[in-house]
J.: 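I'd like to ask some things about the structure below.
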Amino acid sequence: MVYLEDGDVAELTLDGYRITLADGTPVERPVNISSLSADAVELGKYRHYMQKEIFEQPQALGNTLEIIAGGGGISPQLFGADAVGLFGATRRVLILACGTSYHAGLVARYWIEAVAKLQCTVEIASEYRYRESVPDPDTLVVVISQSGETADTLAALKFAKGLGMTKTLAICNVPESAIVRETALRFVTRAGPEIGVASTKAFTTQLAALALLTLALAKVNGRLSEQAEAEHLTQLRHLPVAVAKVVELEPEIERWAQRFANKQHALFLGRGMHYPIALEGALKLKEISYIHAEAYPAGELKHGPLALVDKDMPVISVAPNDSLLEKLKSNLQEVKARGGELYVFADAGSEIPESEGVHILHLPEHYGMLSPILHVIPLQLLSYHAALVKGTDVDKPRNLAKSVTVE
């Protein structure tokens with residue numbers, strides 16, 4: 001493959017090709033050899049690419065985190081040779097992304113502010129460049145894109161650089177993509193090719209990369225003790241095994257999905273760093289089953305969404321065993337009192353009793369900071385099986401494209 005720069009003109013003939021600038025000046029561009037194998041894009045035993053990619057997540061995470069599999073600690077150089085200097089001069093973080101990648105950024109905001117103690121803002125790329133903002137040269141601008149060709153994210157990156165914010169980092173699944181070539185630092189996730197339009201393994205590997213970024217920022221700025229670093233590394237190295245256990249819950253989730261086939265609306269709830277996971281769950285259900293779904297922070301129920309709750313509005317809740325669990329239980333009682341049917345994805349030890357209209361599925365273990373990565377997988381499976389029951393095109397939902405290269 002030969003990647004063209006902005007303004008290049010390529011003339012293809014039977015004998016080869018010629019590349020020139022717009023004024024006709026001949027130029028040479030490097031030839032890149034793809035390492036993609038046929039096995040990576042074959043369905044194998046799976047019914048759809050989306051199902052295959054959900055089940056590939058333990059391997060994708062293992063490949064992405066292979067760089068910390070051995071000894072040693074978190075190295076800022078994972079993000080580039082100049083990372084130590086750029087991270088050390090960073091006073092705040094700005095994350096720019098669209099769609100699912102935006103949800104990954106929302107999770108990262110909780111991590112970066114809690115662990116690295118840096119102010120973090122997350123912006124939808126298509127909105128950011130059309131408003132007046134206050135630039136700060138000490139900001140690390142992080143752009144997240146699965147394809148690296150997302151037009152709005154690429155334009156937002158160039159806009160930020162034009163404002164003087166040149167400390168830039170790309171998190172992307174395609175090493176030769178336009179966004180990767182535009183940033184000072186980069187981290188390439190190793191999810192492998194993702195064929196299904198609804199992102200699954202690209203999302204969880206983005207979260208893994210953002211977890212590494214959080215720890216690297218904290219370490220460079222003296223906010224990560226040796227003990228904390230060791231604990232985080234242990235969790236990250238065990239993550240593929242933990243995810244593999246969650247994927248095994250598919251049969252029970254498939255039974256839940258049978259109930260969604262005749263529903264027209266669904267409400268997703270989450271709190272804290274799991275609210276973006278509720279957003280991602282609602283997006284997945286919309287994308288492939290065409291069921292209208294909304295996500296809210298559970299504490300916002302009384303500020304409007306509770307009016308929608310009745311026996312025909314299933315409510316799906318992400319309920320990890322964390323410091324917000326008791327408050328979430330109170331929110332769930334509000335739903336139950338209005339006759340709503342609850343589907344709760346809880347951790348072991350959450351002590352949420354199953355009862356009439358309250359269905360509980362327990363994940364194998366609570367995973368602390370990385371819990372959002374585990375909790376999104378049941379939501380992916382729920383959407384996939386709901387779409388199967390409805391008979392929609394799982395891999396190619398109507399009106400959507402895998403790589404959004406126009407505004």
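Worth knowing before you read on, the calculation uses all heavy atoms, side chains too, and leaves out hydrogens, waters and symmetry mates.
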J.: Is it true that the side chains of T204 and Q57 contain a donor and an acceptor less than 3.5 Å apart?
T.: yes
J.: So how far is it from F55 CZ to E248 CD, rounded to the nearest 0.5 Å?
T.: 9.0 Å
J.: Between R186 and G80 (side chain of the first, backbone of the second, donor and acceptor by atom type, cut-off under 3.5 Å), is there such a pair?
T.: no
J.: With rounding to the nearest 0.5 angstrom, report the CD1 to OG distance, I253 to S383.
T.: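 The CD1 atom of I253 sits 10.0 Å away from the OG atom of S383.
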J.: Is it the case that T139 and R92 place a side-chain donor and acceptor less than 3.5 Å from each other?
T.: yes
J.: Return yes if some donor-acceptor pair links the side-chain N/O of K219 with the main-chain N/O of I74 below 3.5 Å, else return no.
T.: yes
J.: List the atom of G105, the atom of I95, and the distance in Å for their closest heavy-atom pair.
T.: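 Residues G105 and I95, closest heavy atoms: O-CD1, 3.7 Å.
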J.: Cut-off 3.5 Å, side chains only: do T189 and Q206 have a donor facing an acceptor?
T.: no
J.: A side-chain contact here means heavy atoms from C-beta on lying under 4.5 Å apart; do L118 and L140 qualify?
T.: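 The answer is no; the side chains never approach within 4.5 Å.
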J.: Where do I112 and L210 land on the side chain to side chain contact (heavy atoms under 4.5 Å, CB included) test, with the steps shown first?
T.: CA-CA 9 Å; I112 289 168; L210 289 162; 5.6 Å; no
J.: Looking only at side-chain N and O atoms, does Q235 offer a donor or acceptor that is under 3.5 Å from a partner on E231?
T.: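 No donor-acceptor contact under 3.5 Å links the two side chains.
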J.: Locate the shortest heavy-atom distance separating E194 from A202; write the atom from each residue and the value.
T.: OE2-N, 3.0 Å
J.: Please report the shortest heavy-atom distance between P135 and M165, naming the atom on each side.
T.: CA-SD, 4.2 Å
J.: Do K167 and T90 come close enough that some side-chain heavy atom pair is under 4.5 Å?
T.: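 Contact flag for K167/T90 side chains = yes.
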J.: Do L213 and F187 have side chains that get closer than 4.5 Å, going by heavy atoms?
T.: no
J.: To the closest 0.5 Å, what do you measure between CD1 (I277) and CD (Q380)?
T.: 9.0 Å
J.: Take L328 and S317 through the test side chain to side chain contact (heavy atoms under 4.5 Å, CB included) and record every step on the way to the result.
T.: CA-CA 9 Å; L328 180 62; S317 178; 3.8 Å; yes
J.: What's the separation between atom CG in D82 and atom CZ in F87, rounded to the nearest 0.5 Å?
T.: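 So the CG of D82 and the CZ of F87 are separated by 10.5 Å.
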J.: Is any side-chain heavy atom of P397 closer than 4.5 Å to one of Y290?
T.: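 The answer is yes; the side chains approach within 4.5 Å.
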J.: Just so I know, are the side chains of K52 and I195 near enough to count as touching, which here means a heavy-atom distance under 4.5 Å?
T.: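 No; the side chains remain at least 4.5 Å from each other.
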J.: Salt-bridge test for D136 and R91: reply yes if a basic N is under 4.0 Å from a carboxylate O, no otherwise.
T.: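 No salt bridge links D136 with R91.
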J.: Look at the side chain of N321 and the backbone N and O of H366, then say whether any donor-acceptor pair between them is shorter than 3.5 Å.
T.: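 No, because the side chain of N321 does not come within donor-acceptor range (under 3.5 Å) of the backbone of H366.
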J.: Could you check if a side-chain atom of Q264 sits within less than 4.5 angstrom of a side-chain atom of D312, using non-hydrogen atoms only?
T.: no
J.: Have E149 and S147 got a donor and an acceptor in their side chains that come within less than 3.5 Å?
T.: no
J.: Would you say that E280 contacts L379 through its side chain, given a criterion of any heavy-atom pair below 4.5 Å between the two side chains?
T.: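 No. Closest side-chain heavy atoms not under 4.5 Å.
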J.: Please determine whether side chain to side chain contact (heavy atoms under 4.5 Å, CB included) holds for the pair H303 and Y296, giving the CA-CA distance in whole Å, both sets of side-chain angles, and the decisive distance to 0.1 Å.
T.: CA-CA 10 Å; H303 297 275; Y296 276 88; over 6 Å; no
J.: I would like to know whether K329 and I352 meet side chain to side chain contact (heavy atoms under 4.5 Å, CB included); could you show each step before the answer?
T.: CA-CA 8 Å; K329 288 180 180 178; I352 301 175; 3.7 Å; yes
J.: Looking at W111 and L207, what are the two nearest heavy atoms and their distance?
T.: CZ3-O, 3.2 Å
J.: Between the side chains of T25 and D23, is a donor N or O closer than 3.5 angstrom to an acceptor N or O?
T.: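 Distance-only check passes for T25 and D23.
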J.: Output the distance between atom CG (L157) and atom CZ (R129), rounded to the nearest 0.5 Å.
T.: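 Nearest 0.5 Å value for the CG-CZ distance: 11.5 Å.
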J.: Side chains of Q59 and K201: closer than 4.5 Å at any heavy-atom pair?
T.: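 No; the side chains remain at least 4.5 Å from each other.
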J.: Under the 3.5 angstrom rule, does the side chain of Y367 hit a backbone N or O of L239 as a donor-acceptor pair?
T.: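 Indeed, once roles are kept as given, a pair shorter than 3.5 Å links the two residues.
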J.: Do T100 and S199 have side-chain N/O donor and acceptor atoms under 3.5 Å apart?
T.: no
J.: Judged by modelled atom types alone, do E341 and H359 share a side-chain donor-acceptor pair under 3.5 Å?
T.: yes
J.: Minimum heavy-atom separation for A278 and F268, please, with both atom names.
T.: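 Heavy atoms of A278 and F268 come nearest at O-CB, 3.6 Å.
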J.: To the closest 0.5 Å, what do you measure between CD (Q258) and CG (L388)?
T.: 9.0 Å
J.: Return the minimal non-hydrogen interatomic distance between A10 and L4, and the atom names on each side.
T.: CB-CD1, 4.1 Å
